[in-house]
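Report on the following structure.
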Amino acid sequence: MELVLSEKDILAESLQGEKHIMTQCAVLLGEASCQELRSELTRIITETQQLQFEIRNSMKNRGLLDTEEASKHRLSQAEERMLQVKNQL
């Protein structure tokens with residue numbers, strides 16, 4: 001029996017893989033003491049963020065991802081929460 005993945009499954013799996021890469025690189029970046037390694041991890045994180053953005057946009061444009069536009073109020077709330085977390089550190 002042959003397993004056939006849908007376009008949505010393939011893109012969702014790709015997005016999940018990029019999220020995993022991002023998580024692992026962020027952990028490594030926090031623990032790295034070598035500046036050259038930190039620079040390389042930062043570059044990988046930046047590339048991975050861009051790929052995630054492109055995959056999500058592709059899914060959204062194909063109607064495979066439900067998204068909603070953030071209101072100014074929701075953006076303000078998110079900013080407020082981030083400032084609270086930052087201040088707690």
Side-chain angles (χ1 to χ4, degrees):
M1 184 166 108
E2 186 177 314
L3 177 64
V4 178
L5 296 174
S6 69
E7 182 180 34
K8 182 177 182 176
D9 291 336
I10 292 168
L11 289 170
E13 195 62 35
S14 296
L15 185 59
Q16 193 61 33
E18 295 302 320
K19 288 179 181 180
H20 180 73
I21 291 169
M22 177 73 83
T23 300
Q24 297 305 310
C25 284
V27 169
L28 291 171
L29 181 61
E31 297 175 356
S33 59
C34 169
Q35 186 56 47
E36 190 174 329
L37 176 59
R38 292 179 61 80
S39 294
E40 183 64 15
L41 288 167
T42 300
R43 183 190 64 76
I44 293 169
I45 288 171
T46 300
E47 284 181 11
T48 302
Q49 288 174 335
Q50 183 60 36
L51 284 170
Q52 283 184 18
F53 177 76
E54 290 172 11
I55 292 168
R56 289 182 67 79
N57 270 349
S58 179
M59 292 177 78
K60 181 180 175 185
N61 292 339
R62 296 169 192 215
L64 304 173
L65 181 68
D66 293 329
T67 60
E68 62 180 69
E69 295 296 320
S71 66
K72 288 184 180 186
H73 177 71
R74 287 187 65 194
L75 289 172
S76 178
Q77 285 179 326
E79 183 179 13
E80 215 173 277
R81 282 193 299 256
M82 290 302 296
L83 288 173
Q84 288 173 352
V85 169
K86 183 179 175 184
N87 289 335
Q88 289 175 354
L89 300 174

Discussion item. Just to verify, what does Gln16 make a side chain to side chain contact (heavy atoms under 4.5 Å, CB included) with, not counting sequence neighbours?
Written reply: Lys19
Worksheet, complete the sentence: Sequence neighbours excluded, the answer for salt bridge (Lys or Arg N to Asp or Glu O under 4.0 Å) partners of Glu40 is Arg43
Worksheet, complete the sentence: Contacts of Ser14 meeting side-chain hydrogen bond (donor to acceptor under 3.5 Å, both in side chains) (sequence neighbours excluded), chain-then-number -> none
Fill in: Cluster companions of Ile44 among Ile, Leu, Val, Met, Phe, Trp, Tyr (side-chain spacing under 4.5 Å)
Ile21
Practice prompt. Name all residues meeting the side chain to side chain contact (heavy atoms under 4.5 Å, CB included) criterion together with Leu51; count only those two or more places apart in sequence or in a different chain, and write none if there are none.
Written response: Glu18, Glu54
N/O donor-acceptor pairs under 3.5 Å from side chains in residues 75-89, not counting sequence neighbours:
| residue | atom | partner | partner atom | Å |
| --- | --- | --- | --- | --- |
| Gln77 | NE2 | His73 | NE2 | 3.1 |
| Asn87 | ND2 | Leu83 | O | 3.2 |

Fill in: Qualifying residues under side-chain hydrogen bond (donor to acceptor under 3.5 Å, both in side chains), relative to Asn57, sequence neighbours excluded
none
Discussion item. Which residues pass the salt bridge (Lys or Arg N to Asp or Glu O under 4.0 Å) test with Glu13, not counting sequence neighbours?
Written reply: none
Worksheet item: Rounded to the nearest 0.5 Å, how far does CD of Gln52 lie from CD of Gln49?
Response: 7.0 Å
Worksheet item: Restricting to pairs with a member in residues 23-32, which pass side chain to side chain donor-acceptor pair (under 3.5 Å), not counting sequence neighbours?
Response: none
Worksheet entry | Members sharing Leu15's hydrophobic cluster (side chains within less than 4.5 Å) | Leu11, Ile55, Met59, Leu64, Leu65
Practice prompt. Among Ile, Leu, Val, Met, Phe, Trp and Tyr joined by side-chain contacts under 4.5 Å, find the other residues sharing a cluster with Val4 and list them by chain and number.
Written response: none
Acceptor/donor pairs from residues 32-39 side chains to any protein atom, 3.5 angstrom cut, sequence neighbours excluded:
| residue | atom | partner | partner atom | Å |
| --- | --- | --- | --- | --- |
| Gln35 | NE2 | Ser39 | OG | 3.4 |
| Arg38 | NH1 | Leu29 | O | 2.6 |
| Arg38 | NH1 | Ala32 | O | 3.4 |
| Ser39 | OG | Gln35 | O | 3.1 |

Item to complete: Verify the distance criterion only: is there a donor paired with an acceptor across the side chains of Ser58 and Asn61 at less than 3.5 Å?
Response: no
